[in-house]
Every structure is written in C-alpha cells, then in structure tokens.
Engineer: 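Dropping a structure here in structure tokens format, bear with me for questions.
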Amino acid sequence: MSVKKSGQVLFMIMFTCLFIFIAGCSTNQEDSRAETPDDEVENTEVEDSGEEVEVEDDQIPVGILHSLSGTMAMSESSVRDAELLAIEEINEEGGVLGKELVPVIEDGASDWPTFAERASKLLQQDEVPVIFGGWTSASRKAMKPVVENNNGLLFYPVQYEGMESSPNIFYNGAAPNQQIIPAVDWLMENKGDDIFLLGSDYVFPRVANNAIRSQVEAKGGTIANEQYTPLGHTDYNTIISRIKEEDPDVIFNTLNGDSNVAFFKQLHDAGISSEDIPVMSVSVAEEEIQGIGADVIEGHYSSWNYYQSTETPENEEFVSSFKETYGEDRVIGDPIEAGYFMVHLWAKAVEKAGTTDVDAVKEAADGITYDAPGGTVEIDGENQHVAKTVRIGEVQSDGQFEEVWNSGEPVEPDPYLKEYDWAEGISEDLTDE
Amino acid sequence: MEGIIAQIFNGISLGSILLLIALGLAITFGLMNVINMAHGELIMIGAYTTYVVQTIFINYFPEGLFDWYFLFAIPAAFILAALIGLVMEVTVIRFLYGRPLDSLLATFGISLVLQQLARSIFGAPNVGVQSPELLSGAVEIFSMSFPISRIFILILVALCVGFMFYYFYKTGNGRRIRAVMQNRDMAASLGISTRKVDASTFAIGAGFAGVAGMALTLIGPIGPTLGTAYIIDAFMVVVVGGVGMLLGTVAGALGIGVFNTIFEYFTDASMGRVLIFVLIILFLQWKPNGLFSINTRKLD
C-alpha cells in the first residue's frame with residue numbers, strides 16, 4: 001500500500017468504525033433513561049427462542065421478553081432472573097387463580113424489530129395474557145404497536161423519559177417526576193442552587209436538562225453551565241477545567257454508560273472530591289459503581305426508587321432469595337427490583353379480576369398495591385404507571401448506597417409533568433421525541 | 001493565565017494519551033502496513049491484564065505492596081499483548097501482507113473474537129481497577145493542580161518513545177526491522193530472516209498497545225469494548241503524523257491533542273471533535289502523506 005493512499009485508508013476505517021459506532025449508539029442512546037446494567041451476563045443460554053411451550057389446563061403461560069444476547073444482555077438478563085424468581089414465588093404459593101404460571105421466554109436479542117416480532121409471536125401463537133419485558137425505550141416503542149393491535153398487555157420495568165401512556169402498557173419504572181425532579185429539588189435544598197449540567201450528547205440528556213433548567217430557574221437557582229460530550233467520550237480534562245472555573249455548587253450528571261467511568265476517575269484525580277462539588281447521577285447504579293471503582297465515586301449521589309441497601313423487611317427477603325438463587329456476588333439495582341414486583345402486581349390484578357382477560361385485568365389494576373422491596377407501590381389506573389418512593393442515595397466505600405433522603409411516601413406518577421407550571425411547553429417538546 | 005497553562009497541560013496530556021495508544025499502531029500499521037483493526041483489542045488486553053495483576057495483588061500480597069502493582073502490570077501487559085500479537089501474526093496476518101483490505105477485514109474479525117473472549121472470561125459489565133494511592137490525586141504547582149495520573153502517563157509515554165527510538169535506530173534488531181520494511185527483497189538477499197523480523201515487529205507493536213491499555217485503566221473504563229473507543233484516534237494520529245514515521249506519530253499526537261483541547265475549550269466537546277476532523281481533512285488535502293513523509297521513488 002502506498003503512503004499516499006493512507007489518507008483514503010483512514011477515511012475508510014473511520015467510516016467502518018462510524019458505522020459500528022452508530023450501531024452501538026443506537027443501543028446506548030435508546031436505553032437513555034435506562035442504563036442500569038446488572039451483573040453476571042453470561043448466563044443467557046436459558047431457552048432457545050421460538051420453542052413451543054406445552055400449556056395444560058391448570059397452567060397459565062406468561063411471556064418474558066428480554067434481550068438475552070447482544071449488548072443489552074448484560075442488563076436485561078438480570079431482570080429476567082428477577083421475573084423468574086417472582087413467578088417461582090407465586091407458584092409456590094399456589095399460583096394465580098389456582099393455576100400454575102409457566103414462563104415462555106423469548107430473546108429480543110438487543111434488536112428492536114426482533115422485539116416486535118417476538119412480542120407478536122407470544123401474543124398470537126402462545127396466547128400469553130401478559131408479557132413482562134423490554135428495557136430500552138426503543139424496545140418498548142417497538143413492542144407498543146404490537147401489544148396495542150393485539151390488545152395484549154406489556155409490563156415494562158425500567159425508568160424512562162415519560163410522555164407516554166399506552167392503554168396496553170403498564171410502566172413500572174420511574175417517570176421523570178419520580179426521579180429527576182425530586183433529585184433537583186433535594187440538591188437545591190441541601191447542596192446549593194448553582195448547578196452545572198453535564199450529559200451525553202443525545203436526545204435524552206438534552207431534553208432532561210431543558211426541563212431541569214426550567215425547574216431550577218423557576219425556583220430561583222442558576223445553571224452554571226451546560227455541557228455535552230459525545231457518547232463514549234473518555235477525556236474529561238477540559239470539562240473539569242470548566243467545572244473548576246465555574247465552581248458550581250453541584251453537578252447534575254446525565255452521562256450515559258462508559259463515559260461515567262472516565263468522568264468520575266478524572267474528577268477524582270483532579271482533586272475535586274464529593275465534599276467540594278457533589279455529583280448527582282441518574283444512570284449510575286450498583287452495577288456501574290463496580291466498574292467505576294467505589295473509592296472514586298464515594299460520597300457522590302444517585303437518584304432511584306430502590307437500592308440493594310434499602311431497609312425494608314421485603315427487601316431483606318428479596319436480596320437473600322435473589323442471591324441464594326443466582327449467586328452471592330450478584331448486585332441488585334432498581335430495574336431488577338421493578339422486574340420483580342411487576343410480576344406480583346400483575347398476579348394481584350388477575351386475582352382481583354378473576355380472569356386473565358386483558359380488559360378485565362386493566363380495569364382491576366387501578367389501585368392494586370404491593371409491598372415491593374423498595375416500598376409499597378400502587379398502580380395508577382389512569383396513566384398505568386406506578387406510584388413509588390423516590391430515594392436519593394450516597395455511594396459508600398463498599399459500592400453500595402446509603403439512603404440520605406426519601407419521599408416518605410410513594411410519589412404519584414406524572415409522566416406528562418402536568419403538575420408543574422414551569423414544565424409548560426417542555427411537555428410538547430418531549431412528546432415530539 | 002492560569003487557565004491557559006491548565007489548557008496547555010490538558011492538551012499535552014491528551015496528546016500523550018493519543019500517542020500512547022498510537023505507538024503500537026505506528027509499528028503495525030505505520031511500518032508494516034497492516035490495517036490492524038484489532039489494535040484496540042490489544043489495548044483492552046493490556047487493561048484486563050492490569051485488572052488481573054491488581055486482583056492477584058489484592059488476594060496474595062500484603063496490603064502494603066498494593067500500590068506497586070502497576071510496576072508489575074506494565075511488563076505483564078506488554079508481554080501478554082505481545083504474545084497474543086505474535087499468535088495473530090503467525091496464524092493470520094502473515095498471509096495478508098501487502099493486502100491491506102483483506103487485513104482490515106481479518107483483523108476486524110479478530111477484534112470481535114477478542115471482545116467476545118473478554119466478555120466470556122470477565123463478563124460484559126466494566127470491571128474496576130483501583131488506581132494506586134501513589135498515582136491518584138493531584139500535585140499543586142503555583143496554586144494550579146495537575147493530576148498525578150496524567151503526569152505518570154506523560155512520563156510513561158516519554159519512556160516508551162525513548163525506548164522505541166533506541167530500539168529502532170540503535171540496535172541490530174531495529175536496523176534489521178527497518179531494512180526489511182524499506183526493502184524486503186534486498187534485506188532477504190542479505191541474509192535477514194524476514195519472517196522472524198515480521199513476527200517480532202508485530203509482537204512489539206502489540207506489546208506497546210498492551211502498555212497503553214495499562215495506562216488507560218487510570219483514567220477510563222475497562223470493559224470488553226474499550227478498544228473501539230480508541231481505534232479511530234489511533235489511526236488518526238498515525239496517518240496525520242505520516243505513515244511509517246515514528247517522529248511524525250509523536251508530532252501528530254501532540255498536535256491533535258493540543259488543537260482538540262483548544263477547540264473543545266472554545267466550543268464544546270462534540271463541536272471540538274467535529275472541528276478537529278475538519279482540520280485533519282483539510283490538512284490531508286494539503287499534505288496527503290502526513291506531517292513527516294519519506295521521499296520515495298518507489299512505484300506502487
């Protein structure tokens with residue numbers, strides 16, 4: 001190869017990489033509000049997809065549709081584990097309506113069309129009355145038309161960007177008002193009202209920061225700066241120089257994925273401790289902390305609805321049975337807990353309705369409560385989200401969180417931010433996404 | 001003033017990281033013309049080696065010695081990456097010399113294999129490497145603080161570059177390597193075993209990638225896909241510097257580092273990245289052979 005061609009070669013390589021990168025990003029990006037990878041990935045070989053599951057008269061098939069291969073497998077297989085655990089518990093107690101639950105497991109393969117295709121297979125061929133599944137917003141959006149057209153039911157476990165309310169989906173993760181807004185309020189009350197916004201450069205952080213900006217300004221705070229870095233960015237020196245110059249009270253971090261590792265390591269190396277400028281993150285959970293290193297992120301904050309360390313009797317039981325079933329070294333995060341309790345919620349709704357018929361279950365679901373590991377959750381029949389307790393945790397040296405604040409009671413879901421005056425206009429922006 | 005000095009330091013620091021990740025590629029791509037898409041995965045191997053060395057230190061050595069694990073991690077990362085590079089060369093690359101497009105595809109395939117291997121062994125989530133106490137924190141000079149990890153990387157890069165220059169320009173092996181790369185037939189006719197030279201050169205390039213991986217554990221994530229984040233930067237540096245020129249790689253890395261930091265400072269991170277690519281595209285129009293190039297009469 002000639003030296004002169006090297007320029008062309010570079011662009012060829014860049015093109016190839018770009019392609020791969022974009023493919024990768026579409027995953028990262030879409031799982032936006034949902035990055036809580038959880039542990040032990042490689043046990044994904046559970047069941048081959050497409051298998052016929054024999055269902056007898058005294059059994060009810062239920063669909064489980066998560067990515068068990070591909071990039072999202074690392075996060076989603078843990079949620080599947082939690083759902084299976086819940087199904088097992090329900091069966092031990094006699095099942096639902098006296099019938100045993102039989103999980104029909106499908107692999108969404110981190111590929112959104114596959115999610116749609118597998119969902120319709122579950123609904124049409126296996127005739128499951130409910131699907132527990134999804135993680136990324138993209139996978140949810142792929143399954144949405146399928147469950148709507150087949151009048152199926154989808155229980156979705158992950159916190160997300162809000163602004164959605166399908167009649168056939170129950171949203172068990174946090175809406176923005178159950179995670180971000182309380183976190184900003186807490187920061188302004190306890191840590192200062194000059195806030196530096198830092199996020200990955202794609203739709204979610206930009207939209208979220210838009211909302212945060214309105215919220216902060218409406219409450220008399222200031223935004224020190226608003227900075228975005230490309231997905232996968234690894235050099236935060238210049239951002240850190242800016243942070244030093246602006247000297248904000250707090251940093252609100254909507255970075256996604258690997259960038260968090262680089263950012264926290266470099267922040268620590270620059271000598272900025274959590275005492276100087278605390279960072280509040282919304283996509284750093286127990287699993288990410290293992291990759292960042294607890295010594296580096298110790299003292300910073302996250303906002304979720306559940307931590308492995310949450311002190312409820314239900315959680316003690318849940319953590320011990322999860323670890324007993326899947327291994328001592330597993331860590332548990334927010335979406336895993338949501339995956340666990342949403343199966344119980346559905347089972348209770350079915351018991352109340354007396355049938356697995358979708359319309360009857362939907363109607364019965366309003367007001368159903370369950371004592372989840374993270375506190376009591378209650379289904380809001382109108383928007384089909386759940387009311388759940390908001391918790392702010394401080395990272396400890398062992399990589400677990402210590403709760404420093406909670407909402408005391410479950411916060412009603414408000415996916416469209418209707419209750420906030422400052423959010424007018426933002427709702428429309430968000431709905432366009 | 002302080003801001004400017006801090007930014008210059010940031011620029012040089014970014015340049016040193018770019019240089020470190022590009023050093024190995026300057027050999028495998030620069031000298032040997034293998035479009036080595038698995039370069040990033042060799043970096044990843046270095047990073048995971050560091051993780052393993054650290055784990056061994058935590059489990060089997062007295063606590064007081066923990067801080068010194070990185071001194072063992074550097075040679076361990078070099079050797080392991082070099083060995084894997086050697087295996088790659090012997091089994092795949094050697095059939096692909098002079099066929100850049102094929103080598104692109106083959107090494108890309110190898111990179112996927114290595115990623116999956118890492119995933120199977122260590123799991124898909126990132127693993128944590130704890131920075132040694134010695135290298136964390138910052139030193140204060142005239143009320144400005146410089147992260148020690150960055151200074152360490154600067155020194156490490158300087159040592160690596162020094163070693164490479166010494167090896168390539170002052171030793172018999174280095175002379176043989178340069179002879180083979182410049183004129184293979186002539187070198188062979190003078191009794192140099194070109195096969196051995198090819199294999200050892202590729203292994204050395206891979207070894208430097210491993211060292212880069214070790215250093216990156218101080219500042220970035222360690223996961224199976226770590227390499228993909230750095231591969232474009234590495235190629236960028238080598239091409240801008242001038243393929244085949246070690247000195248060019250050094251100049252290219254520092255240039256890109258400083259300009260990137262300046263652009264980022266005056267715009268933002270995404271825009272800075274765009275501007276640096278615009279600059280490189282324009283630059284390659286002006287000097288298609290990179291900063292430094294050999295004048296050659298060779299037809300191709």
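What you are looking at is a predicted structure, and each value in this text was computed from that prediction instead of being measured. Chain A is the first sequence line, chain B the second, and so forth, proteins listed ahead of strands; every chain is numbered from 1.
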Engineer: Using a 4.5 angstrom heavy-atom cutoff, name the option from Ile219(B), Asp268(B), Val127(B) with the most pairs to chain A.
Structural biologist: Ile219(B)
Engineer: Do Trp135(A) and Ser67(A) make a side-chain contact, defined as non-hydrogen atoms from C-beta onward lying under 4.5 Å apart?
Structural biologist: no
Engineer: Just give me the residue among Ala138(B), Gly220(B), Gly272(B) that pairs up with chain A most often, heavy atom to heavy atom, under 4.5 Å.
Structural biologist: Gly220(B)
Engineer: Return the option, out of Ile239(A), Asp201(A), Asn260(A), Val261(A), with the maximum number of heavy-atom pairs under 4.5 Å with chain B.
Structural biologist: Val261(A)
Engineer: Check each atom of Ile17(B) against the heavy atoms of chain A and say whether the ones under 4.5 Å are side chain, backbone, both or neither.
Structural biologist: side chain
Engineer: Indicate yes or no: at least one non-hydrogen side-chain atom of Asn253(A) is less than 4.5 angstrom from one of Phe264(A).
Structural biologist: yes
Engineer: If you define the side chain from C-beta out and look only at heavy atoms, does anything of Thr225(B) sit under 4.5 Å from Arg119(B)?
Structural biologist: yes
Engineer: Is the closest side-chain heavy-atom distance between Thr107(B) and Phe29(B) below 4.5 Å?
Structural biologist: no
Engineer: Among Ala229(B), Ser149(B), Pro224(B), which residue has the highest count of heavy-atom pairs closer than 4.5 Å to chain A?
Structural biologist: Ser149(B)
Engineer: Is any side-chain heavy atom of Glu133(B) less than 4.5 Å from a side-chain heavy atom of Phe66(B)?
Structural biologist: no
Engineer: Find out whether His39(B) and Ile231(B) are in side-chain contact, i.e. whether some heavy atom of one side chain is under 4.5 Å from a heavy atom of the other.
Structural biologist: yes
Engineer: For each of Thr261(B), Leu226(B), Asn10(B), tally heavy-atom pairs with chain A at distances under 4.5 Å, and name the one with the top tally.
Structural biologist: Asn10(B)
Engineer: Is there a side-chain contact between Leu275(B) and Phe266(B) (heavy atoms, below 4.5 Å)?
Structural biologist: no
Engineer: With a 4.5 angstrom heavy-atom cut-off, could you sort out which part of Gln7(B) is near chain A: side chain, backbone, both or neither?
Structural biologist: side chain
Engineer: Check whether Ile240(A) gets within reach of chain B through its side chain, its backbone, both or neither, counting any heavy atom under 4.5 Å.
Structural biologist: neither
Engineer: For Ser103(B), which atoms come within 4.5 Å of any heavy atom of chain A: side chain, backbone, both, or neither?
Structural biologist: neither
Engineer: Applying side chain to side chain contact (heavy atoms under 4.5 Å, CB included) to Lys323(A) and Gln308(A), what does each step give before you reach the verdict?
Structural biologist: CA-CA 11 Å; Lys323(A) 289 195 168 194; Gln308(A) 188 178 323; 3.4 Å; yes
Engineer: Pick one of side chain, backbone, both or neither for Phe9(B), based on which atoms fall under 4.5 Å of a heavy atom in chain A.
Structural biologist: neither
Engineer: Determine the option with the most heavy-atom pairs under 4.5 angstrom with chain A, choosing from Pro221(B), Pro147(B), Gly223(B), Ser131(B).
Structural biologist: Pro221(B)
Engineer: If you tally heavy-atom pairs under 4.5 Å against chain A, which of Arg150(B), Gln130(B), Arg273(B) wins?
Structural biologist: Arg150(B)
